[in-house]
Visitor: 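This structure is in structure tokens; I'll ask about it shortly.
Atoms within a ligand are numbered from 1 in the order they appear, just like the ligands themselves. The residues of the chain are indexed from 1 along the displayed sequence. Values below: every heavy atom of this structure, side chains too, minus hydrogens, waters and symmetry copies.
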Amino acid sequence: MRREWIALTALLSIYIFSTSCSTESNTDKAQYRIDSLVSVMTLEEKVGQLNFPVGDLFNTGPTVRTAESARFDEQIRAGKITGLFNVHGAAYTARLQKIAVEESRLGIPLLFGADVIHGFKTVMPLPLAEAASWDLQAIEQSARVAAIESTAAGINFNFAPMVDISRDPRWGRISEGAGEDPYLGSLVAAARVRGFQGQSLADANSMAACVKHFAAYGAPFGGRDYNTVDMSLLSLHETYLPPYKAAVEAGSATVMTSFNELNGVPATANKYLLQEVLRKQWGFQGMVVSDWQSIGEMLEHGYVADSIQAGKLAIEAGTDMDMMADIYLKKIPDMVRNKQLKVEVLDEAVKRVLKLKMDLGLFDNPYQYSDVEREKKDIRSEDNLKAAHDIAKKSIVLLKNENALLPLKKDLKKIALIGPLANNKEDMNGSWSFFGEAQHPISILEGLQSKVSSTTKITYAQGCNLYDNSTALFNEAVAAAKQADVVIMALGESAPMNGEGASRSDINLPGVQQALLEAIHQTGKPIVVLLLNGRPLTLQWMDLNIPAIVETWTLGSQAGLAVADVVFGDYNPSGKLPVTFPRTVGQIPVFYNHKHTGRAYQGEHEKESLKDRVYRSRYRDVPNSPLYPFGYGLSYSTFEYSNLQVSAAKLKKSESLEVSIEVTNTSAVDGEEVVQLYLRDKVASVTRPVKELKDFQKVLIKAGEKKTLTFTLDINDLSFYNADLKWVAEPGQFEVMVGGNSQETLNTLFELIE
Ligand code: NOJ
């Protein structure tokens, strides 16, 4: 028997490994190869292809695994695992791949997965920060660099991009996405998929993208990670689904289900999501992987009685691969034998996994991703660091700059640099940067030092720790501030304060950082605050009292350089917020594309009589408006908007409309502006948001120059999901708004006619 298998395997391998299937004309051949392979697989080998455990290099979930290498070798040999994640290194992955290819019965190559969320060894800014650049090319390039580096180290399956829309800054994973807006989020999602997957998935420096977490993982109640999600189908389709759809349309090879339940059904067994929306409506043909143990966690959700039911519902819904639950491996063979599960369902899932491996070129060259030479050459190359520097400076958002305190002169005599993040390298890497080494990033102190004149003295004082309540270091910091011409403070969150499982109920500066800021403020010295964080923070006091505030997020390997570029004016900040900054945590959710109410309150809190304020949709203690709105960000240039024009007052459904605007740089410095176009459908069969971003252009405008920009709107921009979830445009009046953020716009009207 064993000998027969070996003969069969030899024949199959000759066939499977010898034919390239990377071109379109080879699709049928590829399918034939996959079918042939499946036809000789045992039930155990089939479930092995669906079983995806974590490796032994590091852990990103609750199951601790150590020193399991020997066991992995055995499992690979026995065909019990489809690959491993959280392993990397060309030599290491090549060793494991060799066991799979040469020592397992069918020689099926392994996948190597990882969360390369924002760069590999060259660490890029957090995804939320990158979204603030509104620069799709730079974002794509950042993902490309991540792919070039990680594929050299064996990784061929990336658990990114995370495209979950979030309107809740308490949720720690808001840092991993592109913020609150479905339009911007969709463009960023597609750019990142293109970057990871490159020209062709079969290329040695392309890896499979995995759009996650499907779906609506960014809307948990209370902003608490993993919590319940319950929302109307309209909200789901209008706000939360578009970025996943865009990623699928951009060709994402895989999708990851989310931990949350959605409207009573866990996403991992949610037929509506996985079959109706993903496969039927969007035509997705790739592979779906569960999140970590999310198949097993359906027991805790109270959705299934045991792991057999969990496995059945998950695979029947369309979750092809089991990450970490071991349920498919352990339960499915008997379920098929006992007729609890049709073998066809299992085969479909296996075929999708094999197709992924084939598309990645693994059957042609299983070792193409484990390239020791390329690993030496491509990782942290000069070009990659340059790309990291470029996107890092573009991600910075200038929030306040009273009396043009910034940029600072490079020849100031004395600068005090204060704060727990000022001379800190490790936290520059941010959450989800397992590969970035702690000693690599350029700290803020190093960055500033590299720019100042030889006569400038920078005195550094830590001032306090990130979290604890000790004020022991305050005096030293206050003394340094007193001596200085200008104080720069680097305040915010440590890397682990955002990311998975890092929800916060309070989004002020942690620990005693606010108290430190107030103590330094007492000195009367001009202060520049550099914020380092992965989510919007509540900054009311700071906004009222501190003249210059710079949102630098978490910028990765080149953080210090990028920050110094902005502080000293070598780069004129051009970032805009991809997410609203609330005044207080009690306003959450506060987002720009909300609905009108029947009792809307748009007044200015203090100026109106009580009578005008009482029966209105508002708070008694804070205005409705956020502290910094979506799309907001200053520049060292000033821009004036004028002459908003539409090409016609009335528009037929078959026509398009041109919207033009003049933007003048009224300052003496060249600068980039993100010109944003919003629309409001004034009356519709389901109420529409007060505004929705529909287009934007990031343009360089020279000092004193006036540019006329033109946008083109068509029926798609005017359409929305109606009550039957049909994508329609309804005749009536539309308001078009153009400006430098979502709050300050020039507005005009036009009408859509039949
Ligand atoms: C759980 C996270 O939700 C997911 O995003 C990640 O890819 C997996 N763990 C693997 O680390």
Visitor: Indicate, as side chain, backbone, both or neither, the part of E176 found under 4.0 angstrom from ligand 1 when only non-hydrogen atoms are considered.
Guide: neither

Visitor: Give a yes/no on ligand 1: does M256 have at least one heavy atom closer than 4.0 angstrom to it?
Guide: yes

Visitor: Under a 4.0 angstrom heavy-atom cut-off, which atoms of ligand 1 come close to K212?
Guide: 4 (C), 5 (O), 6 (C), 7 (O)

Visitor: Hey, could you give me each pair passing side-chain hydrogen bond (donor to acceptor under 3.5 Å, both in side chains) that has a residue in residues 151-162? Not counting sequence neighbours.
Guide: T151-R374

Visitor: Where does H213 meet ligand 1, judged by heavy-atom distances below 4.0 Å: at the side chain, the backbone, both, or neither?
Guide: side chain

Visitor: Look only at interatomic distance and state if N86 has a nitrogen or oxygen under 3.5 Å from any nitrogen or oxygen of ligand 1.
Guide: no

Visitor: For T580 and E180, does a side-chain donor sit closer than 3.5 Å to a side-chain acceptor?
Guide: yes

Visitor: Considering residues at least two apart in sequence or located in another chain, which fulfil the ring pair (Phe, Tyr, Trp, His ring centres under 6.0 Å) criterion with F112?
Guide: none

Visitor: Among the heavy atoms of R173, does any lie under 4.0 Å from an atom of ligand 1?
Guide: yes

Visitor: Parallel, tilted or perpendicular: which one describes the rings of H213 and F259, with boundaries at 30° and 60°?
Guide: parallel

Visitor: Around atom 7 (O) of ligand 1, find the nearest protein heavy atom and jot down its residue, atom name and distance.
Guide: D115 OD1, 2.5 Å

Visitor: Compute the centroid of each ring, for Y217 and then for W171, and state whether the two points are separated by less than 6.0 Å.
Guide: yes

Visitor: In the protein, which heavy atom is nearest to atom 4 (C) of ligand 1, and how far is it?
Guide: D291 OD1, 3.3 Å

Visitor: Does the ring center of F630 lie less than 6.0 Å from the ring center of F591?
Guide: no

